[in-house]
Amino acid sequence: MSEGRGTDVTDIYDYRAERDGKSPFHPPVRYQTLRDESPVSQVTMWDGSKVWFITRRNDVRAALADERLSADNRRPGFPLLSAGSETLTEDNPTFARMDPPEHTRQRAMVNADFTQRSSARWRPRIQQIVDRLVDDLLAKSPPADLVAELAEPLAAQVMCLILDIPYEKDLFLRVASTFADHYVGQDKLDGASDELTDVIVEVLEAKAANPGDDVLSRLITEQEANGALTRADIIGMARVLIVAGYEPAVHGVSLGLAALFFNPDQLALLREDPSLIAGGLGELLRYSTNFHTGLPRIAVGDTRIGGQEIKTGEAVLVYLPTANFDPQWYDDPDSLDMRRTHAGNVSFGHGLHRCLGQHVVKIQMEAVIETLLRRIPDLRLAVPLDQLPFQREAAVYGVSKLPVTW
């Protein structure tokens with residue numbers, strides 16, 4: 001493979017790279033430089049392998065919509081984000097790591113439960129959960145941690161609500177955080193995987209005996225019953241829904257709030273006009289992009305992205321943060337502007353594998369922001385901005401704590 005321009009800028013790709021010094025929400029400067037100078041270029045991974053690194057918004061969308069770029073991590077040459085991510089390769093992948101037509105077939109079985117319209121029916125129940133959690137906050141003396149006391153229990157309870165499974169907060173914390181860590185090691189991963197599988201098996205047995213009106217019950221009564229899925233398939237799908245539905249919601253809420261604290265003019269704007277919250281969620285998600293590792297793909301056919309030929313067998317890494325800060329698409333991308341009308345962000349990906357639970361995440365974000373601003377109007381950070389602990393090691397970028405006072 002020929003070297004693309006700009007590889008000397010990145011040295012070895014590391015998604016944990018330091019962020020732009022001006023803001024922890026801006027992408028690393030060296031990757032912004034690549035986007036502006038060589039938007040499709042080859043970089044070196046931790047193991048010495050080469051990948052085509054795609055950084056510009058339109059190229060990112062094109063790559064994620066291209067069926068010649070496979071998401072199946074069992075394929076030879078599939079790029080690994082770290083040594084630890086080898087442990088995340090599954091012998092029996094779920095639809096999240098499948099390609100059409102099997103991906104299309106399995107995703108269609110659950111897609112109806114997560115459309116914008118279907119997700120909206122959960123809004124009143126989600127608001128009730130938010131209200132209870134804020135009640136608990138106000139019953140205590142400040143300070144409080146909005147990650148541990150709001151974002152995490154909210155995401156866990158919402159996922160349990162949608163899947164109609166028992167709420168076990170500690171289980172979500174142990175399992176989801178383990179799966180999200182590419183450096184966790186095989187022993188911890190195996191332990192978390194076994195624990196989650198045991199819980200799901202028990203839940204599915206109960207649903208098979210007494211089905212309810214929920215997505216997992218329908219998979220059993222409609223898909224397993226007619227032979228379209230095995231019980232093992234449903235276990236795998238449930239694992240994806242739980243893990244992939246939890247971490248993005250936790251960090252969508254907490255990182256979005258942190259972004260507003262970093263931009264007090266925009267926080268004041270929402271206090272003055274709460275009607276801007278719903279319409280500004282796309283901008284907030286753009287500015288606080290939390291899928292920061294890059295989305296790996298492997299070419300199963302020759303293709304061309306951004307004018308660059310990518311040949312069969314070559315690895316690709318699609319990078320969302322730089323796409324969301326692309327100056328060719330956004331005016332003044334480094335600024336958070338809750339009145340921005342031209343969003344079109346790729347925070348939840350794009351194309352076939354776009355995040356299934358995006359609408360549920362948005363409802364949680366809107367409910368939390370509106371409720372906090374209404375009920376705790378003097379809410380503010382309890383520590384200086386530069387003391388917020390941002391976590392770069394995890395697969396989903398965020399803050400590990402968000403201490404506030406009022």
Side-chain angles (χ1 to χ4, degrees), residues 9-35 43-47 51 53-55 60 79-88 145-148 151-152 155 173 176-185 188-189 243-244 246-263 284-296 317-325 333-334 336 345-349 355 381 383-403:
V9 176
T10 62
D11 192 15
I12 294 178
Y13 171 75
D14 187 349
Y15 67 79
R16 300 168 298 172
E18 289 288 343
R19 292 285 177 130
D20 183 337
K22 294 181 293 185
S23 169
F25 297 93
H26 298 170
V29 173
R30 56 183 177 172
Y31 301 147
Q32 294 192 66
T33 300
L34 271 184
R35 178 200 59 212
V43 298
T44 304
M45 300 296 282
W46 63 274
D47 59 358
V51 300
F53 192 50
I54 301 176
T55 51
V60 161
L80 300 174
L81 296 168
S82 68
S85 64
E86 289 187 79
T87 64
L88 301 178
D145 177 9
L146 292 185
V147 174
E152 288 177 344
L173 291 176
S177 61
T178 300
F179 280 115
D181 189 346
H182 287 293
Y183 296 87
V184 70
K188 288 186 177 180
L189 183 70
V243 175
Y246 176 73
E247 284 285 323
V250 169
H251 298 298
V253 168
S254 57
L255 198 60
L257 288 170
L260 290 172
F261 288 128
F262 263 75
N263 294 269
L284 193 58
L285 286 161
R286 177 197 72 82
Y287 186 83
S288 57
T289 308
N290 59 33
F291 287 108
H292 72 135
T293 58
L295 303 180
L317 191 61
V318 184
Y319 195 61
L320 305 184
T322 50
N324 273 344
F325 282 77
D334 288 350
L336 176 66
N345 69 77
V346 290
S347 297
F348 290 112
C355 178
L381 282 179
V383 299
L385 292 173
D386 60 5
Q387 290 184 21
L388 279 185
F390 285 84
Q391 52 183 45
R392 299 196 304 273
E393 293 80 9
V396 183
Y397 184 65
V399 287
S400 56
K401 295 181 180 180
L402 190 58

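Side chains included, hydrogens not; waters and symmetry mates left out as well; all remaining heavy atoms used. Just so we're clear, the structure is a prediction, and the values are computed from it rather than from any experiment.
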Would you please classify the geometry between the Y319 ring and the F53 ring as parallel, tilted or perpendicular, with 30° and 60° separating the classes?
-> tilted
Between L260 and L336, is a side-chain contact (heavy atoms from CB on, under 4.5 Å) present by the stated rule, with each step listed?
-> CA-CA 8 Å; L260 290 172; L336 176 66; 4.1 Å; yes
Counting C-beta onward and ignoring hydrogens, is there a side-chain heavy-atom pair between [X] and [Y] closer than 4.5 Å?
{"X": "W46", "Y": "L80", "result": "yes"}
{"X": "P403", "Y": "Q387", "result": "no"}
{"X": "L317", "Y": "L81", "result": "yes"}
{"X": "L34", "Y": "V43", "result": "yes"}
{"X": "D14", "Y": "R392", "result": "no"}
{"X": "S23", "Y": "Y287", "result": "yes"}
{"X": "F262", "Y": "L388", "result": "yes"}
{"X": "V253", "Y": "V147", "result": "no"}

List the steps and the verdict of side-chain contact (heavy atoms from CB on, under 4.5 Å) for V250 and L255.
-> CA-CA 8 Å; V250 169; L255 198 60; over 6 Å; no
Over all heavy atoms of both residues, which pair between [X] and [Y] is shortest? Give the atoms and the distance, please.
{"X": "Y13", "Y": "H292", "answer": "OH-O, 3.9 Å"}
{"X": "A259", "Y": "N263", "answer": "O-ND2, 2.8 Å"}
{"X": "Q32", "Y": "P27", "answer": "NE2-O, 2.9 Å"}
{"X": "L284", "Y": "G256", "answer": "CD1-O, 3.7 Å"}
{"X": "A395", "Y": "T293", "answer": "O-CG2, 3.3 Å"}

Just by distance, with hydrogens left out, do S347 and N324 show a side-chain donor and acceptor under 3.5 Å apart?
-> yes
Look at the side chain of S400 and the backbone N and O of Q391, then say whether any donor-acceptor pair between them is shorter than 3.5 Å.
-> no
For the pair H26 (side chain) and D334 (backbone), establish whether a donor and an acceptor sit closer than 3.5 Å, ignoring hydrogens and angles.
-> yes
Using the ring-ring contact (aromatic ring centres under 6.0 Å, His included) rule, pick out the option among F325, Y397, F390 that qualifies with F25.
-> F390
Roughly how far apart are S288 OG and H251 NE2, rounded to 0.5 Å?
-> 12.0 Å
CZ/R35 to CZ/R30 distance, rounded to the nearest 0.5 angstrom?
-> 15.0 Å
Residue of the set L320, L285, N290, T289 for which side-chain contact (heavy atoms from CB on, under 4.5 Å) holds with F348 = L285
